[in-house]
Amino acid sequence: MRREKNIEIMDTTLRDGEQTSGVSFLPSEKLQIAKLLLEELRVDRIEVASARVSEGELEGVKKITHWAAEKGYLDKIEVLGFVDTPKSVDWIVDAGAKVLNLLTKGSLNHLTHQLKKSPETHFEEIAECIRYAQEHGIEVNVYLEDWSNGMRNSKDYALSMIRFLSTLPVKRIMLPDTLGLLCPQEVNDFLGEICQSFPQVHFDFHAHNDYDLSVANVLNAINVGARGIHTTVNGLGERTGNAPLESVVAVIKDFTDYSLNINESKIYRISKLVEQFSGLRIPANKPVVGENVFTQTAGVHADGDNKKNLYFSDLLPERFGRTRKYALGKTSGKANILKNLVELGISLEPDELAKVTQKIIELGDKKERVTTEDLPYIISDVLQNNSIHKDIVIDGYHMVHSKGLKPSVQLRIKMYNEFYEQNASGDGQYDSFMKALKKIYKSLNKELPKLTDFHISIPPGGKTDAFVECVITWDLGGRIFKTKGLDSDQTIAAMKATEKMLNIIEQIKNNNKTEKKNPYGNEYSPIAW
């Protein structure tokens, strides 16, 4: 039975999420995340720490509560505390917070073997803690730790705990699947029974993802009466983590008629911030926030989208502050490339598009991923190659670069079906290559132009697998021209640019033989190749 149309989202990235192995947020980082969660994403509440953990934790909570008090958000800041009157409550008061999430035992197994207490004693201590909190102006929500096991193995105890808490001044009772062991049907059965038995109580559901069922369990919890859901950004949390906020929001909006206060368009922004602060990379295939989620790879998908958005669903990237992309690689066809060209404002002739497509397929076989940012470099490389007749080819090379020794290169080039080979050492791999090349050209009584500028760049993004574009400026007797080379290795990119230079000077030489007069005269004439 549905009683309210709005579902509360309580995000515990700063408490449960920080329990992820290897994750520890600085106080200043906690404050930035808290600001984004409450002001931009507009979650209903955030759990920011566990009481009595450390001085650093206290400092972090104080930063958040000071800011929240100024903004009127103090009732949205929650701190996990323990049945240890008066210690946790005093810590929370000192931190400037106003809400205690009291951790109690939701299973008889935990109570008996961890606390070694009877239910009666535990209940008395809980009542005492809540009374003390109220006296100090602290609002109380209650966690039933290991509630899922409690419902499986000590149901009478779990229900008696809820019955007892429903008589106390508790705002919310929070039911955690602490070990992530429930299946959706059990959530239906257990939570459904509780919500029907205690219709006046606000229940939160706190899922863990050990079986990869957290989001499915959240959906079922909402459908049987849970009024609040606990999440973490990017699904951070102990072991396999908690229910990921990004997926929970999408599922509630698309598969229920409940409303949320969440601003979906800010999800990706806070996801990337938490990724940066936590040091845990978001998997590329992670729903909603992963790099590949809104990227079509197969060319047939791009073709379908061109015709009638055939591969669109309600999970549109714009909802989450993202854009749809069309991957470039060995499985992409002309449709994918056309989508990217439109985005870049580039138009190609059919024969040029075919050559660019083939080049991307070839590069995709060598490189894990060709990005949109790579595309202008690839187009420039293909178009330049089209304008150069390849009479000279770098047929083979062997490079050696060892610590304490000068780099050396053994080089073989093919010139008009004849092969020439030399080796040389230099101050770097490219310098060694050029010295070997000069030896070959000297043996043939040929001159090389002077290298006047050398520039290496990568597409925006700075990834280590990015293509490198090398642009070299040459001076051939006062005639200035540039050549470009493209590769994932900067030395090879430079060699490709040099190979183009060799063919250009051959073209110039051959043109001069057939022309009575140099059309450029002796004036400076920049040529871009």
Side-chain angles (χ1 to χ4, degrees), residues 284 291 295 325 327-330 332 336-337 340-341 343-344 346 348 352 355-388 390 392-403 406-411 413 424 426-437 448-474 480-504 527-529:
E291 189 173 351
T295 300
K325 295 182 179 180
L328 300 167
K330 60 184 179 182
S332 61
N336 274 37
I337 297 168
N340 283 276
L341 291 175
E343 183 180 331
L344 294 169
I346 296 173
L348 294 178
E352 294 171 338
K355 289 175 181 177
V356 169
T357 302
Q358 185 57 40
K359 183 69 172 180
I360 288 172
I361 292 170
E362 292 172 4
L363 292 170
D365 278 331
K366 299 176 183 178
K367 180 176 178 281
E368 181 180 343
R369 184 164 170 258
V370 181
T371 67
T372 303
E373 290 79 8
D374 293 326
L375 193 53
Y377 286 44
I378 294 168
I379 292 170
S380 175
D381 185 66
V382 168
L383 296 182
Q384 187 180 99
N385 280 335
N386 286 349
S387 66
I388 300 172
K390 297 189 78 170
I392 302 171
V393 177
I394 297 172
D395 186 67
Y397 54 84
H398 177 71
M399 297 183 179
V400 178
H401 199 158
S402 304
K403 183 178 180 181
K406 276 195 167 187
S408 63
V409 171
Q410 183 175 359
L411 174 67
I413 68 171
D427 294 328
Q429 288 183 325
Y430 182 68
D431 184 53
S432 303
F433 162 79
M434 284 301 293
K435 286 180 176 176
L437 182 63
L448 291 172
K450 181 181 178 181
L451 189 157
T452 63
D453 189 52
F454 183 98
H455 179 71
I456 291 286
S457 64
I458 64 171
K463 297 184 179 179
T464 56
D465 66 346
F467 287 121
V468 175
E469 184 184 62
C470 179
V471 180
I472 305 178
T473 305
W474 309 94
I480 308 298
F481 64 97
K482 298 177 186 286
T483 56
K484 301 175 184 178
L486 184 71
D487 199 86
S488 56
D489 181 283
Q490 66 179 31
T491 302
I492 307 304
M495 291 168 62
K496 288 181 176 180
T498 306
E499 182 184 77
K500 289 177 182 176
M501 174 273 291
L502 298 177
N503 284 284
I504 287 170
I527 307 170
W529 295 85

>> Go through it in stages, so that I can follow the logic: the residues are Ile480 and Trp474, the test is side chain to side chain contact (heavy atoms under 4.5 Å, CB included), and I'd like the CA-CA distance, side-chain angles, deciding distance and then a yes or no.
In response: CA-CA 6 Å; Ile480 308 298; Trp474 309 94; over 6 Å; no
> What pair of heavy atoms forms the shortest contact from Ala436 to Ala424, and how long is it?
Replying inline: N-CB, 3.5 Å
> Between Lys500 and Gly485, is there a donor-acceptor pair closer than 3.5 Å when you use the side chain of the first and the backbone of the second?
Replying inline: no
> Which atoms form the tightest heavy-atom contact between Val409 and Gln429, and what is the distance?
Replying inline: CG2-O, 3.6 Å
> Does any N or O in the side chain of Thr452 come within less than 3.5 Å of the main-chain N or O of Thr473, such that one atom is a donor and the other an acceptor?
Replying inline: yes
> Under the criterion side-chain contact (heavy atoms from CB on, under 4.5 Å), which of Phe433, Tyr430, Tyr397 is the partner of Ile492?
Replying inline: Tyr397
>> Does any part of the side chain of Lys482, heavy atoms only, come nearer than 4.5 Å to the side chain of His455, both counted from C-beta?
In response: no
>> A side-chain contact here means heavy atoms from C-beta on lying under 4.5 Å apart; do Thr491 and Met399 qualify?
In response: yes
>> With rounding to the nearest 0.5 angstrom, report the CE to CG distance, Met495 to Asp487.
In response: 9.5 Å
> Is the shortest heavy-atom distance from the side chain of Lys406 to the side chain of Asp427 under 4.5 Å?
Replying inline: yes
> Of all heavy-atom pairs between Ile392 and Leu502, which one has the smallest distance, and what is that distance?
Replying inline: CD1-O, 3.8 Å
> Is it true that a side-chain atom of Glu499 and a backbone atom of Ile394 form a donor plus acceptor pair closer than 3.5 Å?
Replying inline: yes
